[in-house]
Amino acid sequence: MALPAGAGVPQPAGGRRVDRPRTGNLLAMSVRVRFAPSPTGLLHVGALRDALFKYLFARHCGGQNILRIEDTDRSRYNPDSEREFIETLRWVGIDFDEGPHVGGPCAPYRQSERKEAGIYEPYVRRLLDEGHAYKAFDTPEELAAMREHQIAHKLPVGYFGGEWRDAPPSKVEAAEREGRPYVIRQRIPRGQRIVVDDVIRGRIEWDSDQIDDPVLIKADGMPTYHFAAMVDDHLMGITHIMRGEEWISSAPKHALLFDMFGWERPVFVHCPVIVGNDGKKLSKRHGATRVLDYMAQGFLPSALKNFIALIGWSPGDDREGMTERELIEAFSLEGLQPSPGRFDIEKLRWLNGWHIRRLSVAEFVDAFQGYAREPYVAEYWTQVAEPQPEAARKAGEIARMAEAVARDRGYAERFFALAQERTTVLADLPDVCGFFLEDEPPMDPKAVAKWLTQPHAPDLFQFLVQNLFRMNSEAQCEAVLREYAERAGFEKLGPVVHPTRVALTGKTAGPGLFELMAVLGPARMEPRLRRALEIARSGS
RNA sequence: GGCCCGGUCGUCUAGUGGUUAGGAUGCCGCCCUUUCAAGGCGGAGGUCGCGGGUUCAAGUCCCGUCCGGGCUACCA
């Protein structure tokens, strides 16, 4: 999508007019949304859902998805954060048409850089000139005292005028001459009804007397969210301000800003949020899990997207398991719900299994190999997961399995096929089918006690070892076991099947015995059977 | 305290005046079966937050109320 040169950039200082950018019809008609995180930490599920809804909406409409970094708070800035966001989103499969990492016609896409480029200045000046903003020289102490007074007298808390909103110009000039630090505040009109139309909630109204004058420019010269985000949204041609519902209360300030500039208001969409199990907003201190942790546990991006999309949105029918293509196709603002939802890990697990089962075997193996290659997987299992000594072992198991898979891809595909419908998260794979790769898989003591101590066990294993030469196919394996059962006088296959399963896998549960025997083949079965024979002899 | 948003099985949801309030997950049971899964079938689980009102008829419309949440920063 090409933008006319200079679109979205205010005229240089000489040129007077700063107005709606001439973005051309193509751009004006196309949906443009932005994910605008503050780079202060890790990407957790709350932010992911925010990014996901915009992504789905943009892709559904054939519009543009834009990444903008809102790094105007220097005290909370975290230099690693932006990379975390971009890499996590890349893993999830949410991509951007414009952003600091890919560029675009509205660059730069970091607000600190936009501030350096002087993009905001003409707009501040214009607001000041037109009386929509004013300088306020209150000290932090004065502000604190005012708030205390308001709380004590049960008054609305906030800056509703102070001494600067209506201060005479001479006073302001004097303060400025003294070099006193100041902020620039938006002058909210008084005695008005402010109406904001929200796509999800309909019309929301405020009495403008209830809305305090927000800081637009901080004392350090940096714009606040209230100012920078709105100016940028306009300059970048954002058509829909989609964000979490926690922004509803500042929506009137933002809508008013658009009005003050004479800009067309974008469509407001205040999405429901994901809350913690206590019903409270998700935050780092409140059960908000890093998205990468889900990756490390072996959740598929497709499942995570599917699951997150279904909290607060529904396609309108009974569909639950949906591919990315289906999500994009079905997504609409009408399906958005107003109430917050909770993150139910059990349902995510089910959905992950659902997505795994829909993969081809080759894709399934690729998914595991890609997973095992992710550097954060090892870090997660060794340093984040609990309980610790046990969790760390998982990292080694995953790495070893990945090596083995790479060494013999054909073999891997055969046993992955058997593991597929028994896998809920990729990290389970070593547990589910690790025994295929070890001549001496770890033995479950209970399984040994129950099945390898059976009186007929040594005889059974001896028989199997002797007949390995004719145990290549599934049918052959079954025939041999049935033959033994008959010879030993067992009416049912259980007494034969269970000890054999324990001998070969060390477990009581797993893929169908004949299937797994056929995959193992005689060469791999022999050492396992011989070991079991020894255990059975010594045990009984 | 003020303003604003929300409220359907534990959880995610369908539902826009007339349905025995549907689906999914989780739980339980049955079937399949050599085990575990997957799959199929069935069950328990909701006085649609509560109280009024409008209407022949209300989860759906109106009023009130309660509860939960958000904002109330020179954070986003």
Side-chain angles (χ1 to χ4, degrees), chain A residues 36-40 70-73 75-76 136 138 140 143 147 150-159 181-185 196 198 200-201 204-207 209-212 214-226 228-229 243-252 270 272-273 275 277-281 307 310-321 335 337-351 353-354 357 418-424 432 447 478 481 485 492-498 500-502 505 507-514:
Chain A
S38 185
T40 57
E70 312 234 328
D71 54 350
T72 55
D73 184 350
S75 64
R76 296 201 310 158
D138 310 82
L143 257 17
R147 191 170 7 226
Q150 288 166 334
I151 291 170
H153 294 262
K154 297 196 187 302
L155 294 165
V157 177
Y159 199 93
Y182 63 88
V183 298
I184 296 174
R185 287 182 185 269
V196 173
D198 179 88
I200 301 176
R201 293 146 217 280
I204 308 173
E205 298 190 29
W206 290 263
D207 176 348
D209 292 347
Q210 299 286 346
I211 297 166
D212 72 338
V215 170
L216 263 20
I217 304 293
K218 306 177 212 179
D220 65 0
M222 284 297 262
T224 62
Y225 174 89
H226 299 303
R243 51 179 14 175
E245 61 180 312
E246 73 269 22
W247 288 104
I248 292 176
S249 15
S250 37
H270 288 100
V273 295
V275 295
N277 273 325
D278 55 0
K280 293 203 170 95
K281 183 179 164 185
F307 172 69
L310 255 20
I311 303 177
W313 174 82
S314 113
D317 50 41
D318 283 340
R319 280 183 294 173
E320 297 264 15
Q337 220 208 261
S339 55
R342 286 165 210 240
F343 193 96
D344 177 11
I345 189 76
E346 287 306 321
K347 189 150 186 176
L348 206 212
R349 290 173 60 81
W350 166 73
L351 220 31
W354 188 90
R357 271 170 252 128
L418 300 185
Q420 194 162 5
E421 64 190 22
R422 297 170 173 81
T423 306
T424 57
V432 174
E478 178 168 359
L481 287 195
K492 294 205 170 182
L493 227 40
V496 180
V497 161
H498 298 308
T500 307
R501 171 186 298 287
V502 174
T505 73
K507 301 165 184 293
T508 54
L513 182 63
F514 310 133

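A note on names: the letters A, B, ... follow the listed sequences, proteins ahead of strands, and every chain is numbered from 1.
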Inset, instruction - Could you state the atom-to-atom distance from CH2 of A:W247 to C1' of B:U72 in whole Å? - result: 13 Å
Inset, instruction - Compare all side-chain heavy atoms of A:V215 with those of A:R185 and state whether any distance is below 4.5 angstrom. - result: yes
Legend entry - Closest to side chain of A:D73, choosing from B:U25, B:G70, B:C75: B:C75
Inset, instruction - Check the distance between B:U11's C1' and A:R349's CZ and give it to me in whole angstrom. - result: 16 Å
Legend entry - side chain to side chain donor-acceptor pair (under 3.5 Å) against A:T508, all qualifying residues, sequence neighbours excluded: none
Inset, instruction - For A:V183, answer base if it contacts any base atom (sugar-phosphate contacts may also be present), sugar-phosphate if it contacts only those atoms, and nothing otherwise; contact means non-hydrogen atoms under 4.0 Å. - result: base
Legend entry - Which residues share a side chain to side chain donor-acceptor pair (under 3.5 Å) with A:R319, sequence neighbours left out: A:D317
Legend entry - Touch class at under 4.0 angstrom, heavy-atom based, for A:D138 against every strand present: base
Inset, instruction - Rounded to whole angstrom, note down the P distance from B:G40 over to B:U25. - result: 9 Å
Which atoms of nucleotides 13-20 of chain B (N or O only) lie under 3.5 Å from a protein N or O atom, and what are those distances?
{"residue": "B:U13", "atom": "OP1", "partner": "A:G312", "partner atom": "N", "Å": "2.2"}
{"residue": "B:A14", "atom": "OP2", "partner": "A:Q337", "partner atom": "OE1", "Å": "3.2"}

Legend entry - Contacts of type ring pair (Phe, Tyr, Trp, His ring centres under 6.0 Å), residue A:F514, not counting sequence neighbours: none
Legend entry - Qualifying residues under side chain to side chain donor-acceptor pair (under 3.5 Å), relative to A:E421, sequence neighbours excluded: none
Inset, instruction - Could you tell me which residues satisfy side-chain contact (heavy atoms from CB on, under 4.5 Å) with A:W350, sequence neighbours excluded, listed by chain and number? - result: A:E320, A:K347, A:W354
Inset, instruction - Take atom CG of A:D344 and atom P of B:A24, then tell me their distance rounded to the nearest Å. - result: 15 Å
Inset, instruction - Using a 4.0 Å heavy-atom cut-off across all strands, classify A:S75 as base, sugar-phosphate, or nothing. - result: nothing
Legend entry - Beyond-backbone contact of A:I204 with A:I248, side-chain heavy atoms, under 4.5 angstrom: yes
Legend entry - Closest-nucleotide ordering on RNA chain B, the 5'-leading residue of A:E70 and A:E245: A:E245
Legend entry - Nucleotide B:C36, atom C1' - distance to CZ of A:F514 in whole Å: 15 Å
Inset, instruction - Take atom P in B:G59 and the same atom in B:U8, then report the distance between them in whole Å. - result: 15 Å
Inset, instruction - Would you check if A:P272 and A:I200 make a side-chain contact, meaning some heavy-atom pair closer than 4.5 Å? - result: yes
Inset, instruction - Measure from the side chain of A:P338, starting at C-beta and using heavy atoms only, and say which of B:C75, B:U35, B:G6 lies closest. - result: B:G6
Legend entry - Base partner of B:U35, which must satisfy Watson-Crick or wobble distances under 3.5 Å: none
Inset, instruction - Could you state the atom-to-atom distance from NZ of A:K507 to C1' of B:A37 in whole Å? - result: 13 Å
Legend entry - Separation of atom NZ in A:K347 from atom C1' in B:G10, rounded to whole Å: 13 Å
Inset, instruction - Determine which nucleotide pairs with B:G29, using a 3.5 Å limit on both distances of a Watson-Crick or G-U wobble pair. - result: B:C41
Legend entry - Side-chain donor/acceptor contact of A:R422 with base of B:C36 under 3.5 Å: yes
Inset, instruction - Write down the distance separating the C1' atoms in B:G45 and B:C3, rounded off to the nearest Å. - result: 38 Å
Inset, instruction - Identify whether any heavy atom of A:P511 sits under 4.0 Å from a base atom; if not, whether one sits that close to sugar-phosphate; answer base, sugar-phosphate or nothing. - result: base
Can you tabulate the close N/O pairs, meaning under 3.5 Å, that link protein atoms to atoms of nucleotides 39-45 of chain B?
{"residue": "B:G39", "atom": "OP1", "partner": "A:R357", "partner atom": "NH1", "Å": "3.3"}

Which pairs, protein N/O on one side and nucleotides 2-4 of chain B N/O on the other, fall under 3.5 Å?
{"residue": "B:G2", "atom": "O2'", "partner": "A:Q210", "partner atom": "OE1", "Å": "2.8"}

Inset, instruction - Determine whether A:V183 and A:T224 make a side-chain contact, defined as any pair of heavy atoms from C-beta on separated by less than 4.5 Å. - result: no
Inset, instruction - Give A:R185 one of three labels, base, sugar-phosphate or nothing, depending on what nucleic acid heavy atoms sit under 4.0 Å from its own. - result: sugar-phosphate
Legend entry - Under the side chain to side chain donor-acceptor pair (under 3.5 Å) test, residues paired with A:S249 that sit two or more places apart: none
Inset, instruction - Go through the structure and list residues passing ring pair (Phe, Tyr, Trp, His ring centres under 6.0 Å) with A:W206, not counting sequence neighbours. - result: none
Legend entry - Pairwise P distance, B:U47 and B:C32 [rounded to whole Å]: 37 Å
Legend entry - Non-hydrogen side-chain atoms of A:P340 and A:E245 separated by less than 4.5 Å: yes
Inset, instruction - Could you please name the partner base of B:U19, counting Watson-Crick and G-U wobble pairs only when both distances are under 3.5 Å? - result: none
Inset, instruction - Between B:G15 and B:G23, how far apart are the P atoms? Round to whole Å, please. - result: 15 Å
Inset, instruction - Please name all residues satisfying ring pair (Phe, Tyr, Trp, His ring centres under 6.0 Å) with A:Y182, sequence neighbours left out, ordered by chain then number. - result: A:F137
Inset, instruction - Give one of base, sugar-phosphate or nothing for A:R201, where a contact means two heavy atoms less than 4.0 Å apart. - result: sugar-phosphate
Legend entry - Watson-Crick or G-U counterpart of B:C67, or none if no pair lies under 3.5 Å: B:G6
Inset, instruction - For nucleotides B:G49 and B:G7, find the distance between their C1' atoms and express it as a whole number of Å. - result: 6 Å
Legend entry - Geometric class of the A:W247/A:Y225 ring pair [parallel <30°, tilted 30-60°, perpendicular >60°]: parallel
Inset, instruction - Would you kindly give the CG-to-C1' distance between A:L216 and B:C75, to the nearest whole Å? - result: 15 Å
Legend entry - Watson-Crick or G-U wobble mate for B:A24, both contacts under 3.5 Å: B:U11
Inset, instruction - Could you list the residues that satisfy salt bridge (Lys or Arg N to Asp or Glu O under 4.0 Å) with A:R76, not counting sequence neighbours? - result: A:D73
Legend entry - Nearest-angstrom distance, P atom, B:C62 to B:U72: 30 Å
Inset, instruction - Look at A:K218 and B:C75 and indicate whether a side-chain polar atom (N or O) is within less than 4.0 Å of OP1 or OP2. - result: yes
Legend entry - Nucleotide B:U11, atom C1' - distance to CG of A:L351 in whole Å: 14 Å
Inset, instruction - Establish, with yes or no, whether the OP1 or OP2 oxygen of B:A73 is under 4.0 angstrom from a side-chain nitrogen or oxygen of A:R147. - result: yes
Legend entry - Rounded C1' spacing from B:G26 to B:G10 in Å: 8 Å
Legend entry - Side chain A:E320 and base B:G23 donor-acceptor under 3.5 Å: yes
